[in-house]
2 protein chains.
Amino acid sequence: MYAAAQTASFHPIARHPVAAERFPQARVHRIALFAADSEIYAQGERSGTLYHIAFGAVRIFRLLSDGRRQVVAFHLAGETFGFEAGRNRGFFAETTVETGLRTMEAGEYDACSPELMANALRGMARAQEHLLVVGRQSAIEKLAVFLVDLMGRQGDPDQIDLPMTRNDIGDYLGMTIETVSRNLTKLRAGGILRLPSSRCIEVLKPEHLRRLCQ
Amino acid sequence: MYAAAQTASFHPIARHPVAAERFPQARVHRIALFAADSEIYAQGERSGTLYHIAFGAVRIFRLLSDGRRQVVAFHLAGETFGFEAGRNRGFFAETTVETGLRTMEAGEYDACSPELMANALRGMARAQEHLLVVGRQSAIEKLAVFLVDLMGRQGDPDQIDLPMTRNDIGDYLGMTIETVSRNLTKLRAGGILRLPSSRCIEVLKPEHLRRLCQ
DNA sequence: CGCTGAGTTGAAATAGCTCAACTCCTGTGG
DNA sequence: CCACAGGAGTTGAGCTATTTCAACTCAGCG
């Protein structure tokens, strides 16, 4: 779970053609490599640092006292995260897969720039959209919204790359892994999806999926 | 439901001693009076205006295509709302009770001031906290968190003023009004609450309530 | 005094959870 | 190259919390 970030250095960046393409060696500037399931920051730590994801994915979550976990956001390649309302982290951040991050320390950026403001507002909007999903709707609807969102953020390919486990998805949508699995099976049985592997989903009928989102 | 804001003018402000006290006549400056259940803005409208609540309460929500409603936030007296990520409103805003609002048009305020930034980040944090509640936990736990939050925002009185209906609460917590009602009854049966009226809750055992929040 | 909307309560239906068994995939070591 | 172990995912069966539908109470108001 808490593999040290250093271990990532054993995996040469060349194994990530996408990342290599987007951030050619000359432009790679202070990229930190993290193995899957590495902690980026913990709840309670001093905040300030921002992170830009070169490749990989990150889950933002909180641990509840009974051991349950609520994932409040996933961040994918190309996105920036790490904004906090207070001086200390309110959540944990961990990689879900092997991930490359560029960090920006407080002081390196203008804390009140229009870009940051836009990002904060977008964060609020995304959390509120997430609320719409988690708050109501059946498990299959939640899953549909999740997949359509992922599709959009990956540039609407017909093959969705799932950079997280069923456990992560369950904790994000507020349901058990069994319910996630059962409803994926249901979508497959309906001819809407194909599941070539557990980390890849081929969307056969995008319109059907979108219709489920209402 | 969509009573015009004008109708509020039939209710003299003198009926609201709290408001009168906080905003004495001399300082009342462009306060708009809204009757209960009045629309403040609608999804899709051009955004920009900010609102400060002199007295009353507001629900921020979205209507789903099947008629269900998800309330993503309540705002109470003293709070400011109306920030948007985009040029257009992503949600509806309505009063839940008779409400006095001071408006600030875009241009009257600095869109990138530290105060606004702090407000945006607080909005994000609150939405994420809300996610923790809605995403998991049993109905009774959700209700406990909701009441404790309300208590805090009203200055921790032992009498909570509920400026919204069971319906609003249900749509906020992602449950039916019957479940809200049943679980309030359960808390009352446990000697934790008293319900002098449907819009007022007396908290007899705050520690018990807090313990339910974990 | 009856009407109306909000809230409460009851009974039956059901979606999702829990617990458990099983498969599949992957990596490791002989 | 195969055997094996361990983790991730799937499937099944029974259980339970919440929803649904319906009846009822209660308070405010013309």
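Naming: A, B, ... by sequence-line order, numbering from 1 per chain.
Going from atom CD of A/Glu178 over to atom C1' of C/dC22 covers 13 Å, rounded to whole Å. To the nearest angstrom, P of D/dT11 lies 13 Å from CD1 of A/Ile177. Rounded to an integer number of Å, the gap from CZ of A/Arg199 to C1' of D/dG7 is 11 Å. Atom-to-atom, CE of B/Met164 to P of C/dG7 comes out at 11 Å; the value is rounded to the nearest Å. In this structure, B/Leu162 atom CG and C/dT8 atom P are separated by 10 Å, rounded to whole Å. Straight-line distance from the CG atom of B/Leu187 to the P atom of C/dT9: 13 Å, rounded to whole Å. Rounded to an integer number of Å, the gap from CG of A/Leu195 to C1' of D/dA8 is 14 Å. Distance B/Asp66 CG to D/dT20 P: 10 Å, rounded to the nearest Å.
Here A/Thr185 lies in heavy-atom contact (under 4.0 Å) with sugar-phosphate atoms only. The residue B/Gly174 sits close only to the backbone: its heavy atoms come under 4.0 Å of sugar-phosphate atoms, none of a base. Here B/Thr179 lies in heavy-atom contact (under 4.0 Å) with a base.
Not one side-chain nitrogen or oxygen of A/Ser181 sits closer than 4.0 Å to the OP1 or OP2 atom of D/dG9. For B/Arg166 and C/dT8, the shortest distance from a side-chain N or O to OP1 or OP2 is below 4.0 Å.
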B/Asp168/B/Arg69 under salt bridge (charged side-chain N to carboxylate O under 4.0 Å, His left out): CA gap, chis, key distance, verdict: CA-CA 9 Å; B/Asp168 289 324; B/Arg69 196 181 65 161; 2.7 Å; yes

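Between the A/Thr95 side chain and the A/Ser38 main chain, a donor and an acceptor come within less than 3.5 Å of each other.
Aromatic ring pairs are classed by plane angle as parallel below 30°, tilted from 30° to 60° and perpendicular above 60°; the pair A/Phe81 and A/Tyr41 is tilted. Relative orientation of the B/Tyr172 and B/Phe74 rings is tilted, given thresholds of 30° and 60° on the angle between their planes.
Listed nucleotides: D/dT20, C/dC17, D/dG9. Nearest to the side chain of B/Arg182: D/dT20.
A side chain to side chain contact (heavy atoms under 4.5 Å, CB included) with A/Leu50 is found for one member of A/Met104, A/Glu84, A/Glu105 and no other, namely A/Met104.
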